[in-house]
Amino acid sequence: ARSCEVPAAPERTARFVQEGGLRALVEDLEPDCAGVLLEGCVDSGSCAALETLLAGLGTRHVVVDLTALSYVSSRGWGLLAARAGELRGRGGELVLCGMRRELHDVYRMLGFAPVVRACADRGAAQAALRAGESSKVCATAGAVPAAAAAVPASPAGAAAAPVVLEGLEDLEGEWESLRVCTGRLG
């Protein structure tokens, strides 16, 4: 008879938070890495709760899963970018994952791609953090095919940091962004 020892799975803790219209599941993914699954929308009524939640995590790395999120206000995007900067200043990182196409369009349009990394899913976000690829941006599921990927414009006089998109080979279909039609009235 053979016997084999199976290593015990590390204990993971999770807690549900509901405050100020914000619903979130917070879980310890790895040592010094928290996962936050946001649900609903991040608007003026829930931004203060999001700010408190992110500030109270106490980990160097944070993976924010936006799979169940339908809307993020400009203040919400600002909070995510500010927290990413704070963590980066302490040798950590905030990574977004699971963005729907609409959220990803806003993320790119507002120029957050070089500021906050985005990955297709939680697994890809954790793998990127483990690999320490802080200069790369993971692909967001359904985001853009490689041919449509572009480096966002930089402020006047500033050198643009290259943005590397990974994992786009599995995406099918065309990426559509905001379409603007112009015409003449009268």
Side-chain angles (χ1 to χ4, degrees), residues 5-42 46-73 75-104 106-108 112-143 163-171:
E5 290 185 32
V6 177
E11 264 191 56
R12 289 172 49 170
T13 60
R15 70 188 192 314
F16 181 75
V17 176
Q18 185 165 358
E19 180 183 332
L22 178 72
R23 291 178 307 279
L25 177 66
V26 180
E27 101 184 276
D28 297 330
L29 299 178
E30 297 179 11
D32 215 15
C33 181
V36 179
L37 172 64
L38 296 175
E39 183 183 313
C41 62
V42 175
S46 60
C47 278
L50 176 61
E51 188 171 23
T52 301
L53 173 70
L54 293 175
L57 291 174
T59 58
R60 253 180 7 122
H61 302 291
V62 178
V63 174
V64 180
D65 190 337
L66 306 178
T67 304
L69 205 62
S70 60
Y71 172 79
V72 179
S73 69
R75 181 171 173 218
W77 287 113
L79 289 173
L80 292 168
R83 186 65 183 155
E86 291 168 13
L87 291 173
R88 198 174 306 112
R90 294 190 313 216
E93 187 173 5
L94 181 141
V95 180
L96 302 174
C97 67
M99 271 190 267
R100 296 173 13 170
R101 182 177 300 255
E102 295 83 6
L103 290 179
H104 189 267
V106 173
Y107 162 85
R108 299 247 328 148
F112 283 112
V115 178
V116 182
R117 187 178 356 184
C119 294
D121 55 41
R122 185 181 288 196
Q126 286 181 258
L129 285 172
R130 272 188 236 111
E133 302 169 351
S134 61
S135 65
K136 295 184 179 180
V137 177
C138 301
T140 299
V163 176
V164 179
L165 297 172
E166 301 172 334
L168 294 171
E169 56 278 350
D170 296 334
L171 299 177

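- When every heavy atom of A14 is checked against every heavy atom of L25, the shortest pair comes out as CB-CD1, 4.2 Å.
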Legend entry - Verdict with reasoning, R122 to L37, per side-chain contact (heavy atoms from CB on, under 4.5 Å): CA-CA 10 Å; R122 185 181 288 196; L37 172 64; 3.9 Å; yes

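- Checking side-chain atoms of H61 against main-chain N and O of G92 turns up no donor-acceptor pair under 3.5 Å.
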Inset, instruction - Apply side-chain contact (heavy atoms from CB on, under 4.5 Å) to C119 and Q126, showing your working. - result: CA-CA 9 Å; C119 294; Q126 286 181 258; over 6 Å; no

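- Each salt bridge (Lys or Arg N to Asp or Glu O under 4.0 Å) pair with one or both residues in residues 30-42, not counting sequence neighbours, appears once here: R23-E39, E30-R130, D32-R60.
- Between the side chain of S46 and the backbone N or O of C41 there is at least one donor-acceptor pair closer than 3.5 Å.
- The shortest side-chain heavy-atom distance between L80 and L54 falls under the 4.5 Å cut-off.
- When all heavy atoms of V63 and C33 are compared, the closest pair comes out as CG2-SG, 4.1 Å.
- Aromatic ring orientation, W77 versus F112: parallel (interplanar angle below 30°, classes split at 30° and 60°).
- Screening V42, V72, T67 against L103 for a side chain to side chain contact (heavy atoms under 4.5 Å, CB included) leaves a single residue, V72.
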Legend entry - Worked check of side-chain contact (heavy atoms from CB on, under 4.5 Å) between C97 and D65: CA-CA 5 Å; C97 67; D65 190 337; 3.8 Å; yes

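- Among all heavy-atom pairs drawn from V95 and A125, the shortest one is CG1-CB, 3.7 Å.
- Taking the side chain as every heavy atom from C-beta outward, L22 and L38 approach each other to under 4.5 Å.
- R75 places a side-chain heavy atom less than 4.5 Å from the side chain of E51.
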Inset, instruction - Start with the C-alpha distance between R83 and V64, add both sets of side-chain angles, then the distance that settles side-chain contact (heavy atoms from CB on, under 4.5 Å), and finish with yes or no. - result: CA-CA 11 Å; R83 186 65 183 155; V64 180; over 6 Å; no

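- Closest approach of L69 to R100, counting heavy atoms only: O-CD, 3.6 Å.
- No donor-acceptor distance shorter than 3.5 angstrom exists from the side chain of R117 to the backbone of L129, with no hydrogens or angles considered.
- For the atom pair CD of E19 and CG of L50, the computed distance is 10.5 Å after rounding to the nearest 0.5 Å.
- Listed here is the closest heavy atom pair of V116 and A81: CG2-CA, 3.8 Å.
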